[in-house]
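In what follows, a structure is listed as structure tokens, so that the remarks can point back to it.
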Amino acid sequence: LTFIIYLFAGFLLYKILSKLKIFNDFDLFFIVTIFLIAPLNITRVAMIIFPYSLSYFLFFFSLYLLQINLEKDKISILIRVCSLVLFFTTFQIASFLVFYLLALLLIYFYEKRKGRNIITILLRNIDYVILPIFYWIIKSIYFKTSGPYIDYNTITIYNAVFLFPYRIVTSFYSSIIEVINNSLVSFDVFWFIISLILFFQFNKNINNDNSILNKSDEKHSNDKIYFSLSFLFILVSMIPYLFVGKMVLNEGWDIRNQLLLPLGFSFFIYFGLKLFLNLFTANRIIQIITVSVFISGFLIININYYLDFNRDWIKQLSIIENLKLSDEIKNNHSFYLVDNTENLNAINRTYSVLEFSGMMTATYGNSKRIAINDKQIYREVLSNSIHIWLGYSSLKDYKQLQNPQYKIEIEYGPFKLDRFTQFRLMLLKFWNKQKYKEIVSNIVKIRVSPIQNLTWKDLVKDVDANIQF
């Protein structure tokens, strides 16, 4: 379902950009292709991220409806209302309140093309201008944030001003530069084959008297404008998170903060590449090869990301099978977790309190157990943030944090979970379920040992070198 949603979002972007009539067919093809395959927000595969993905699609659908109305001489009330309602719906994901700037820019573009001044534009589109303000008022009165997330989206001067320069540079490097680097450094035979296929396909469809990169002075000048716009798109994608103290990083669950980046990323890559190659007056062959290498790199890293999540899921199933065999875990409630198999985890993350507690809930049918990872004791216990999670579904029966009773160590099992084993398990899942279960249960092994008279604070001293602040 997520795949279909993102595919339709790409289709809507294609329709929106093509209606602007400022991009040629090659521009459109490569912008939308990179938009679709950009290795960003890979956490979209998780069900918990689905509301983000749905809002993402609805935003571009709303933008498309808005554009339809802007192109007409006579406004359709029905389309206008639908567009406003859908935009309003996307605002439940707060970052869209800032990304909504794109809708206002689209209005300005069309109205200015018709020769209207700024006052007329504002008056004709006052409903769109005040929509985010109206949403904020409604939310502040009737849908106030409460509980542990009361300050989740609070903007402070410290975050918005003092920390902003550092965080924008760090986030840009992690989510743009690092993503590009990761996509290009692991060149292998598979990548070469895909690049070769793409090269011949692109070359086949290019006019003999033209290259992918139109070199007319006018187009070259426009490319500079579009490349500059990429930074604006990236900025409005990151600001909603940076202003409230979050980062847009390429690891852990922070990857979900890349939700709005694909548009800016596609403009940055495509027009940056055009400008760079034009500096060297690269011929058509070089241009096509370069584009093919980038696109194939993005495809391969996406495939690897999806395989990583599949590997992570197999590991979780293996943990659950091992939990079923442990009476110590079944009959107790507080655990100190040491995971020595973290390289099997997707997106370079450490299992959070909710994740491992969720596995125990799935195993035993109740949520009265908690396990805190050795790398998270400081953050979760000593900083008292553990109380944020108490009451969530995977911890709803665990009322008050108590000292650890047992140490759970996750070790590698006899079966190595490499890519070959993954593909083998994909087949066995349908053809031989008994063998599938046997292999899965031996991917990891759990060792349980009692903890005598130690508090969480005592354990912090033992793992001080591994504390993650």
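In this structure, the side chain of Thr421 engages the main chain of Lys416 through a donor-acceptor pair within 3.5 Å. Between the side chain of Arg80 and the backbone N or O of Asn69 there is no donor-acceptor pair closer than 3.5 Å. In terms of modelled atom types and a separation under 3.5 Å, the side chain of Asn373 and the main chain of Val353 share no donor-acceptor contact. Thr363 places no side-chain N or O within donor-acceptor distance of the main-chain N or O of Leu323, the cut-off being under 3.5 Å. At least one donor-acceptor pair under 3.5 Å links the side chain of Arg44 to the backbone N or O of Leu40. No donor-acceptor distance shorter than 3.5 angstrom exists from the side chain of Asn181 to the backbone of Ile177, with no hydrogens or angles considered. Remark: side-chain polar atoms of Thr90 are not paired, donor with acceptor, to backbone N or O of Phe59 under 3.5 angstrom. Without hydrogens or angle criteria, Ser174 side chain to Thr170 main chain gives no donor-acceptor distance under 3.5 Å. Thr341 contributes no side-chain N or O that, together with a main-chain N or O of Leu344, makes up a donor-acceptor pair within less than 3.5 Å. Between the side chain of Ser266 and the main chain of Leu263, a donor-acceptor pair closer than 3.5 Å is present.
Atom CD1 of Ile180 is separated from atom CD1 of Ile301 by 11.0 Å, given to the nearest 0.5 angstrom. Taking NE2 of His333 as the start and OG of Ser367 as the end, the distance is 14.0 Å to the nearest 0.5 Å. Here the straight-line distance linking atom OH of Tyr52 with atom CD1 of Ile93 works out to 5.5 Å at 0.5 Å rounding. For the atom pair Phe243 CZ and Ile168 CD1, the distance stands at 9.0 Å (nearest 0.5 Å). In this structure, CZ on Arg369 lies 10.5 Å from CD on Gln405, to the nearest 0.5 angstrom. Note that the CZ atom of Phe265 and the OH atom of Tyr270 stand 15.0 Å from one another [nearest 0.5 Å].
Of all heavy-atom pairs between Gln92 and Ser55, the closest is NE2-OG, 3.7 Å. Between Tyr128 and Ser83, the shortest heavy-atom distance links the atoms OH-OG, 3.2 Å. Contact record, Leu249 with Gln258: O-NE2, 3.4 Å, taken as the closest heavy-atom pair. Annotation for Leu63 and Ala103: closest pair CD1-CA, 3.6 Å, computed over non-hydrogen atoms. Of all non-hydrogen atoms in Ile255 and Ile347, the two that sit nearest each other are CD1-CG2, 3.4 Å. Considering every non-hydrogen atom in both Ile320 and Met359, the closest pair reads CG1-O, 4.0 Å.
Taking 4.0 Å as the cut-off between side-chain N and carboxylate O, Arg424 and Asp418 do not count as a salt-bridged pair. Between Glu355 and Arg349, at least one side-chain N (NZ, or NE/NH1/NH2) sits under 4.0 Å from a carboxylate O, which counts as a salt bridge. Under 4.0 Å is where a charged nitrogen must lie from a carboxylate oxygen, and between Arg447 and Glu411 at least one such pair does.
A donor-acceptor pair shorter than 3.5 Å can be found between the side chains of Lys315 and Asn345. The closest side-chain donor-acceptor pair between Tyr412 and Asn340, if any, does not fall under 3.5 angstrom.
Using cut-offs of 30° and 60° for the angle between ring planes, the Phe335 and Tyr406 rings count as tilted.
Phe172 CZ: more than 12 foreign heavy atoms inside a 6.0 Å radius. The number of heavy atoms from other shown groups lying within 6.0 Å of CG (Leu427) is above 12. The neighbour count for Phe134 CZ, taken as heavy atoms of other residues, nucleotides or ligands under 6.0 Å away, does not exceed 12. Heavy-atom neighbours of Ile126 CD1 from other residues, nucleotides or ligands within 6.0 Å: above the threshold of 12.
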* Before giving the answer on side-chain contact (heavy atoms from CB on, under 4.5 Å), spell out for Leu417 and Leu425 the whole-Å C-alpha distance, their side-chain angles and the decisive distance to 0.1 Å. => CA-CA 10 Å; Leu417 188 53; Leu425 287 171; 4.1 Å; yes

* Check step by step if side-chain contact (heavy atoms from CB on, under 4.5 Å) holds for Ile408 and Ile329. => CA-CA 9 Å; Ile408 300 175; Ile329 299 176; 3.7 Å; yes

* Passes side-chain contact (heavy atoms from CB on, under 4.5 Å), Asn302 versus Leu299? Steps please. -> CA-CA 5 Å; Asn302 269 305; Leu299 283 171; 5.8 Å; no

* Dump the intermediate steps for side chain to side chain donor-acceptor pair (under 3.5 Å) on Tyr351 and Asp312, then the final yes or no. => CA-CA 10 Å; Tyr351 285 151; Asp312 192 325; 2.7 Å; yes

* To do: Starting from the C-alpha separation in whole Å, work towards a yes-or-no answer on side-chain contact (heavy atoms from CB on, under 4.5 Å) for Leu104 and Leu102.
  => CA-CA 5 Å; Leu104 299 179; Leu102 299 187; over 6 Å; no

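For Tyr173, there are no ring-ring contact (aromatic ring centres under 6.0 Å, His included) partners at least two apart in sequence or on another chain. The ring-ring contact (aromatic ring centres under 6.0 Å, His included) search around Phe356 returns none, not counting sequence neighbours.
The side chain to side chain donor-acceptor pair (under 3.5 Å) contacts involving residues 230-244 comprise Ser95-Tyr241, where partners must be two or more places apart or lie in separate chains. Residue pairs meeting the salt bridge (Lys or Arg N to Asp or Glu O under 4.0 Å) criterion with at least one member in residues 293-311, sequence neighbours excluded: Asp308-Arg311, Asp308-Arg419. Screening residues 2-16 for side chain to side chain donor-acceptor pair (under 3.5 Å), with sequence neighbours left out, gives Tyr6-Asn41. Listed by first and then second residue, the side chain to side chain donor-acceptor pair (under 3.5 Å) pairs that reach into residues 429-446 are Asn442-Lys445, sequence neighbours excluded.
Looking at heavy atoms from C-beta onward, Phe271 lies out of side-chain contact with Ser228 at the 4.5 angstrom threshold. Looking at Ile31 and Leu17, their side chains come closer than 4.5 Å, going by heavy atoms from C-beta outward. Looking at Leu7 and Ile4, their side chains never come closer than 4.5 Å, going by heavy atoms from C-beta outward. Ile176 has its side chain out of reach of Ile269: every pair of non-hydrogen atoms, C-beta onward, lies at least 4.5 Å apart. Side-chain contact between Thr33 and Ile295 is present, with heavy atoms from C-beta onward closer than 4.5 Å. Counting only heavy atoms from C-beta outward, the side chains of Ile319 and Ile410 approach each other to under 4.5 Å. Under the 4.5 Å side-chain criterion, counting only non-hydrogen atoms from C-beta, Ile34 is not in contact with Phe267.
A ring-centre distance under 6.0 Å is not found for Phe91 and Phe96. Proximity of the aromatic rings of Tyr56 and Phe60 is defined here by a centroid distance below 6.0 angstrom, and this criterion is met.
Of the residues listed (Phe87, Phe88, Tyr100), the one engaging Tyr135 in a ring pair (Phe, Tyr, Trp, His ring centres under 6.0 Å) is Phe88, and it is the only one. Looking at Phe231, Phe276, Phe233, Phe294 one by one, the single match for ring pair (Phe, Tyr, Trp, His ring centres under 6.0 Å) with Phe268 turns out to be Phe231.
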